[in-house]
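Just below is one structure, and these are the notes that go with it.
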Protein chains: 2
Amino acid sequence: MDQSSANFRSHCPINYLLETIGDKWTLLIVRDLMFKGKHYFGEFLKSDEGISTNILTDRLNKLEDCGVVTKQIDADNATRQLYNLTSKGQSLLPVMLEITRWSAQFDELTNADKALVKLYEKDPQQVIEKIKSNW
Amino acid sequence: MDQSSANFRSHCPINYLLETIGDKWTLLIVRDLMFKGKHYFGEFLKSDEGISTNILTDRLNKLEDCGVVTKQIDADNATRQLYNLTSKGQSLLPVMLEITRWSAQFDELTNADKALVKLYEKDPQQVIEKIKSNW
DNA sequence: CTGTATCCTTAGGGATACTG
DNA sequence: CAGTATCCCTAAGGATACAG
């Protein structure tokens, strides 16, 4: 199904994000693709938040529907799919980094996240390039 | 109730935002406070998305609980509360601007939002100063 | 292991009545 | 008008069985 914003509650950019990827799970999958180098169903399943299999299937499909993620047969193992961010998904990077920076003020972070935020505040472009180089 | 992240699903900055203000309504209230100059219950009610009164009450209380919004008796009219962003709420500005910029690529925007995004991409600091000057 | 489907409980939230 | 409370229905999602 094509995800147009035609029947959204409003035409508002904040609302657009909320209605496409604004639930309690979707952005965690984006995070795993963007920062953790994950690409497979089983890898997403293993994340700390404990997503269940039916929800994961549903969100991966919705992410594909709204053009944030691609799905393709994995070349090395035809029984599974390889998930990747589209350019639309990749362009969420500044949003994700600003969310990280905001939360860092109030949440306990892992050392890896602390280092990320510190470097991002010092030299945002370097962080962006570094992350992009892993895609 | 104090909103600590102690019993969250994980310690992850993305998850922190999702569990504190990551539902389908909360960020719209933040938007109204941040960009639309709204400060009162009835003003939030009038937004295009059509939030209902019970949900609005609930979200305003949760925003207060997690330290994003303050509530105080309105000096001009003691029958209502005046809502404002705290510094924690104000520091969501870069997140909100990046969300707006992302959605602008895919959603139809109002002329006002188009102008905001255009100016933000040209001179982010100017946009930030301008918005802050309204707080 | 990669997903999908089903069952069932709970949380989200719309409509609306109600109080100050 | 500002805000709360209740009623009730639907969507979200956990557990888990199942198929390839």
Side-chain angles (χ1 to χ4, degrees), chain A residues 1 3 7-10 15 17-30 32-33 36-66 69-84, chain B residues 1 3 7-10 15 17-30 32-33 36-66 69-84:
Chain A
M1 183 197 68
Q3 181 61 276
N7 51 0
F8 282 3
R9 297 176 293 184
S10 70
N15 186 59
L17 179 136
L18 292 176
E19 295 213 36
T20 50
I21 56 175
D23 68 285
K24 298 268 187 202
W25 291 109
T26 301
L27 233 39
L28 300 175
I29 301 172
V30 172
D32 286 350
L33 284 158
K36 313 271 189 184
K38 298 188 179 183
H39 294 278
Y40 299 107
F41 193 89
E43 293 179 319
F44 303 127
L45 263 190
K46 276 178 219 143
S47 294
D48 289 341
E49 293 83 10
I51 193 168
S52 58
T53 56
N54 56 338
I55 304 297
L56 180 55
T57 296
D58 180 76
R59 294 307 189 280
L60 286 168
N61 288 334
K62 284 184 176 158
L63 280 166
E64 193 184 19
D65 288 343
C66 73
V69 159
T70 56
K71 201 193 263 205
Q72 56 188 309
I73 307 269
D74 182 34
D76 297 334
N77 178 347
T79 72
R80 66 180 181 179
Q81 301 281 334
L82 173 68
Y83 299 95
N84 276 295
Chain B
M1 183 197 66
Q3 180 63 274
N7 51 0
F8 283 1
R9 297 177 292 186
S10 70
N15 187 58
L17 179 136
L18 291 176
E19 296 214 35
T20 50
I21 56 175
D23 67 286
K24 299 269 185 200
W25 291 109
T26 301
L27 233 40
L28 301 175
I29 301 171
V30 173
D32 287 350
L33 285 158
K36 313 269 189 185
K38 299 188 179 181
H39 294 279
Y40 299 107
F41 194 88
E43 293 178 320
F44 303 128
L45 263 191
K46 277 178 217 142
S47 294
D48 289 342
E49 293 83 10
I51 195 170
S52 57
T53 55
N54 57 338
I55 304 298
L56 181 55
T57 296
D58 180 76
R59 293 307 189 279
L60 286 168
N61 288 333
K62 284 183 175 158
L63 280 165
E64 193 183 19
D65 289 343
C66 75
V69 159
T70 56
K71 200 192 263 207
Q72 56 189 309
I73 307 269
D74 182 34
D76 298 333
N77 178 347
T79 72
R80 66 180 182 179
Q81 301 281 334
L82 173 68
Y83 298 95
N84 275 295

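Chain A is the first sequence line, chain B the second, and so forth, proteins listed ahead of strands; every chain is numbered from 1.
Salt bridge annotation for B/Arg59-B/Asp23: present, with a cationic side-chain nitrogen under 4.0 angstrom from a carboxylate oxygen. Checked for salt-bridge contact, B/Lys24 and A/Glu19 miss the test: no charged N lies under 4.0 Å from a carboxylate O.
Of the N and O atoms on the side chains of A/Lys71 and A/Asn84, not one donor lies less than 3.5 Å from an acceptor on the other residue.
Computed from coordinates, the A/Leu60 CG to C/dT4 C1' distance equals 13 Å when rounded to whole Å. Here the P atom of nucleotide C/dG13 and the CG atom of B/Leu28 are 11 Å apart, to the nearest Å. To the nearest angstrom, P of C/dT16 lies 15 Å from CG of B/Leu45. As rounded to whole Å, 13 Å separates atom C1' of C/dC1 from atom OH of A/Tyr40. Remark: P of C/dG14 and CD of B/Glu49 are 11 Å apart, rounded to the nearest angstrom. Rounded to whole Å, atom C1' of C/dC1 lies 18 Å from atom NE2 of A/His39. Atom NZ in B/Lys46 sits about 12 Å away from atom C1' in D/dA2, given to the nearest Å. To the nearest angstrom, P of C/dG13 lies 11 Å from CD of A/Glu19.
Rounding to the nearest 0.5 angstrom, the gap separating the CG atom in A/Asn15 from the CZ atom in A/Phe8 is 7.5 Å.
Cation-pi geometry between A/Arg80 and A/Tyr40 is satisfied (NZ or CZ under 6.0 Å from the ring centre, within 45° of the ring normal).
A donor-acceptor contact shorter than 3.5 Å links the side chain of A/Glu43 to the backbone of A/His39.
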Legend entry - Letter per nucleotide, 5' to 3', of nucleotides 4-20 of chain D [B base touched, S only sugar-phosphate touched, - untouched; heavy atoms, 4.0 Å]: BBB------BBBB----

